[in-house]
Visitor: 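First the structure, then my questions, so here it is.
Just so we're on the same page: letters track the sequence lines, and every chain starts at 1. Note that the coordinates shown come from a computational prediction; the quantities given were computed from them, not determined experimentally.
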There are 2 protein chains.
Amino acid sequence: MPVTLQQIAEAAGVSRGTVDRALKNRGRVNAEVAERIRKIAKEMGYQPSRAGRALAMAKKNVKIAVILQSVQTPFMNLVLEGVLAAKQEVESLGGSVEVFPVKGVDAQSVMEIMDKLYEEQYSGIALVPSEDSVLKNKIRQFAEEYEIPIVTLNSDVEDTKRLCYVGQNGIQSGRTAAGLMGEIIGEKGQVVVISGHISNPSLNNRARGFQSEIMDEFPEIELIHTRYSYDDDWVAGKIVEELIEQYPNLSGIYITGPAVKGICEALEKLGKGKSIKVIGNDFLSENKKWMEKGVINFLIGQDAYVQGYEPVMILFRLFLDHKEPKEEYQYTEIVIKTKYNM
Amino acid sequence: MPVTLQQIAEAAGVSRGTVDRALKNRGRVNAEVAERIRKIAKEMGYQPSRAGRALAMAKKNVKIAVILQSVQTPFMNLVLEGVLAAKQEVESLGGSVEVFPVKGVDAQSVMEIMDKLYEEQYSGIALVPSEDSVLKNKIRQFAEEYEIPIVTLNSDVEDTKRLCYVGQNGIQSGRTAAGLMGEIIGEKGQVVVISGHISNPSLNNRARGFQSEIMDEFPEIELIHTRYSYDDDWVAGKIVEELIEQYPNLSGIYITGPAVKGICEALEKLGKGKSIKVIGNDFLSENKKWMEKGVINFLIGQDAYVQGYEPVMILFRLFLDHKEPKEEYQYTEIVIKTKYNM
DNA sequence: TTGAAAGCGCTAACAA
DNA sequence: TTGTTAGCGCTTTCAA
């Protein structure tokens, strides 16, 4: 039976209001009395009731906004699932959550939405940022001047006073892929990285992690120069054809992100579907299909659900429990899937 | 801004009590009116407030008990962490959770605790069962006669009317290990399974899954007859010595559970630490240490935290939201770890 | 500096 | 069959 404020008040011989002020350090309470109350609360093992607090705060109407970029991609759809789960939980606790989808990468739209959120007095914002110095300034302005906490997800922006970042550790993800690759090709042979856009920071992190781990740990593996598909399946197919012509004994391919379809179809057409080992990223249905077929050997995932769920809950806890996140960088778990545990 | 019962009542021109009865199908309400209320509630997108409900139910004092066997093992310690997290969440919502630890496997103690729980009118029980027909009968009695819902975790007992089971799919876990093993030894060579007690059902499931997948998918891999360590490191070390003498070209070892230390030390002593591929189970610190060293190549995990957390929350949701779990078998995710994503 | 009281959304007991 | 009401634990405002 959990201890209540009322019980502490009785034990201390004061009123509930006084206990509340003492425990919240809201001042206006005699220092000695406050000390005594805190001691009693500790002895009795007081834990505030979430239900009571949520109910009492319901009139304040905590409003959380989520701005998602690239919503049309399957990955962001998974993130959205996490957001909706958090929305339900928050709303059943008296808060509210609104999602603002942005098609493609569009800092301009994000900023327009942010302006609206400021006017409508939102309590906190979770957003997928993009590299844009004006957007960065606006994030800093919200965090510092307006005191509206902001959590970045999926990608991060440095030096903006944002509360925290929830997403993958791209470097470590690439290193994990490298470890697997070394293991399954017997620590020797030729390996290539096929990436997407040359300017995508997440993909670049993965590629960098992969490359450095191969170079550090697998001296007998030859790393062929990275290719870029620019997110285009046709281009990716061409890249594979050229690679195989140039390196007929190619052992492995690491796909940092998109254009899985183009790559796998080309491999299959050239009869290399089974012999060349392939490691991809993200649990999209297209990717899972190729793993099922045996063309992709491993998929590394970034737990999209958590990326949607956590930022919302972090903001809500900030208001409900007055609890800041413990870590500024909340890296999601790096998940390894094969066709057996998909 | 979430919709409240009061708002629905106003929209329907009735009182809050009537709306409540109509939506809960608690009868005593005019059929037509009830229908109209339900329609309005749906239109307005009514979602009951967890906070309000939790608070109102606090006086009923939902009490959940958790009986853990083999608490001295590191694995159960991980389970306990999940239980404690759930305990905190439940208690902040007005319920209470009590943990009853049992050392070793001891059906007798479990049953004594259950009797006590019945007297003290606990609302629901989560427990780690063991193979024992008297215990099985008691579980059935609680579920059917006393109507105290029971959730099994980690191991299951069939035909007992228990509400559901939360734990690993041992067969699938073994299959996953087999897939990894095939991949890293190049789909050929000799492979052996080292298990613990010959009568441990979880370990047997893993071994069976492993064996059948090797036989089905990797015809060129030779499966050597399974060895049993009986959870003893010294025995396990001897087994390894004998195996390597008998099969000097052994390619891989699958350890279904305990005695990892004995096996890995022997491998290291014989200079086989790197050349023989090893796949183990569970993320215990001992196991992680050997993976860090490179003696173990992969660890397959059964998400102990979830096994502790979920059963408690399932029972609590049953009382708070009147929601039964969707699935009778709640298999925890099969997690693959290497030294890179540990 | 402290106490008293209203009210958040819901359940359940009681009255009509 | 329906309405009314007390109270769950907490926050917050107002009065003392």
Side-chain angles (χ1 to χ4, degrees), chain A residues 1-37 41 44-62 89-96 123 319-323, chain B residues 1-37 41 44-62 89-96 319-322:
Chain A
M1 200 63 158
V3 182
T4 70
L5 278 186
Q6 182 62 51
Q7 291 169 339
I8 297 175
E10 284 161 17
V14 295
S15 79
R16 228 169 55 212
T18 308
V19 174
D20 184 50
R21 282 186 293 259
L23 295 182
K24 303 288 150 39
N25 292 312
R26 280 215 210 81
R28 303 189 310 162
V29 63
N30 183 299
E32 284 173 39
V33 179
E35 190 47 50
R36 190 159 56 89
I37 291 175
M44 299 177 72
Y46 173 69
Q47 289 288 117
S49 153
R50 203 129 200 251
R53 178 173 287 173
L55 215 40
M57 308 251 306
K59 35 191 158 185
K60 278 182 51 179
N61 193 21
V62 172
E89 185 164 343
V90 165
E91 298 196 334
S92 87
L93 254 32
S96 64
S123 327
F319 296 107
L320 188 62
D321 306 326
H322 311 285
K323 244 189 230 150
Chain B
M1 200 61 159
V3 182
T4 70
L5 278 187
Q6 182 62 49
Q7 290 169 340
I8 297 175
E10 283 161 17
V14 295
S15 79
R16 226 169 58 214
T18 308
V19 174
D20 183 50
R21 283 185 293 260
L23 295 183
K24 304 286 150 38
N25 292 312
R26 279 214 211 84
R28 304 189 311 161
V29 64
N30 183 300
E32 283 173 38
V33 180
E35 190 47 49
R36 191 159 55 90
I37 290 173
M44 296 177 74
Y46 173 69
Q47 290 287 117
S49 153
R50 205 129 199 250
R53 177 173 288 171
L55 216 41
M57 308 255 302
K59 35 191 158 183
K60 280 182 50 179
N61 193 21
V62 173
E89 184 164 344
V90 165
E91 298 197 333
S92 86
L93 253 32
S96 64
F319 296 106
L320 189 61
D321 307 326
H322 311 286

Visitor: Nearest to the side chain of Asn30(B) - dT11(C), dT2(D), dT11(D)?
Guide: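 Looking only at heavy atoms from C-beta outward on Asn30(B), the closest nucleotide is dT2(D).
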
Visitor: Looking at CG of Asn61(A) and OG of Ser123(A), how far apart are the two atoms once the value is rounded to the nearest 0.5 Å?
Guide: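 Atom-to-atom, Asn61(A):CG and Ser123(A):OG are 7.0 Å apart.
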
Visitor: Any heavy-atom pair between the side chains of Thr18(A) and Arg21(A) that's under 4.5 Å?
Guide: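 They are in side-chain contact.
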
Visitor: May I ask you to decide if Gln7(A)'s main-chain N or O and Glu10(A)'s side chain share a donor-acceptor pair within less than 3.5 Å?
Guide: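 It does not hold such a pair.
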
Visitor: Using whole Å, report how far CG of Asp20(B) lies from P of dA12(C).
Guide: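 About 8 Å, once rounded to whole Å.
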
Visitor: What integer distance in Å separates Lys60(A):NZ from dC8(C):C1'?
Guide: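 Atom NZ in Lys60(A) sits about 13 Å away from atom C1' in dC8(C).
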
Visitor: Indicate, with a heavy-atom threshold strictly under 4.0 Å, whether Pro2(B) touches base, sugar-phosphate, or nothing.
Guide: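 Counting heavy atoms under 4.0 Å across all strands, no contact is made by Pro2(B).
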
Visitor: Just N and O in the side chain of Thr4(B): are any of them under 4.0 Å from OP1 or OP2 of dG9(C)?
Guide: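 Result: no.
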
Visitor: Of all the choices, dC10(C), dT2(C), dG3(D), which nucleotide is nearest to the side chain of Ser15(B) once you look at every atom?
Guide: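 Selected nucleotide: dG3(D).
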
Visitor: Any donor-acceptor pair, under 3.5 Å, between the side chain of Arg16(A) and the base of dT2(C), if you only look at N and O atoms?
Guide: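 For Arg16(A), whose side chain was compared with the base of dT2(C), there is no donor-acceptor pair (under 3.5 Å).
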
Visitor: Can you tell me which nucleotide in dG3(D), dT11(D), dC10(C) comes closest to the side chain of Leu5(B)?
Guide: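 Comparing dG3(D), dT11(D), dC10(C) against the side chain of Leu5(B), the answer is dC10(C).
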
Visitor: Just N and O in the side chain of Lys59(A): are any of them under 4.0 Å from OP1 or OP2 of dG9(C)?
Guide: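 It does not, given that no N or O in the side chain of Lys59(A) lies less than 4.0 Å from OP1 or OP2 of dG9(C).
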
Visitor: Distance check needed: dG9(C) P versus Leu320(B) CG, whole Å only.
Guide: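 Whole-Å distance recorded here is 17 Å.
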
Visitor: Rounded to the nearest Å, what distance is computed from the CD atom of residue Gln7(B) to the C1' atom of nucleotide dC8(C)?
Guide: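 To the nearest whole Å, that distance equals 12 Å.
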
Visitor: How many whole angstroms separate atom CZ of Arg36(A) from atom P of dT2(C)?
Guide: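 Rounded to the whole Å, the gap is 10 Å.
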
Visitor: So do the side chains of Asp321(A) and Arg50(A) get within less than 4.5 Å of each other, counting heavy atoms only?
Guide: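 Of all side-chain heavy-atom pairs linking Arg50(A) with Asp321(A), at least one is under 4.5 Å.
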
Visitor: Calculate the interatomic distance between Glu10(B) atom CD and dG9(C) atom P; express it in whole Å.
Guide: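 To the nearest whole Å, that distance equals 11 Å.
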
Visitor: What is the separation between atom CG on Leu93(A) and atom C1' on dC10(C), rounded to the nearest whole Å?
Guide: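 In whole Å, dC10(C) C1' and Leu93(A) CG are 13 Å from each other.
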
Visitor: Quick check: on DNA chain D, is the nucleotide nearest Arg21(A) upstream (toward 5') of the one nearest Leu55(B), or the reverse? Name the residue that is more 5'.
Guide: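 Counting from the 5' end, the first nearest nucleotide belongs to Leu55(B).
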
Visitor: If you only use heavy atoms from C-beta on, which nucleotide in dC10(D), dA12(C), dG3(D) is closest to the side chain of Pro48(A)?
Guide: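 For Pro48(A), the side-chain atoms sit closest to dC10(D).
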
Visitor: Measure the distance from CG on Asp321(B) to P on dC10(C) and round it to the nearest whole Å.
Guide: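 Rounded to whole Å, this separation is 12 Å.
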
Visitor: Would you say Arg53(B) places a side-chain N or O within less than 4.0 Å of OP1 or OP2 belonging to dT11(C)?
Guide: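 Looking at the OP1 and OP2 atoms of dT11(C), one of them is under 4.0 Å from a side-chain N or O of Arg53(B).
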
Visitor: Heavy atoms, side chains only, cut-off 4.5 Å: are Gln47(B) and Glu91(A) in contact?
Guide: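 No, every pair of side-chain atoms sits at 4.5 Å or beyond.
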
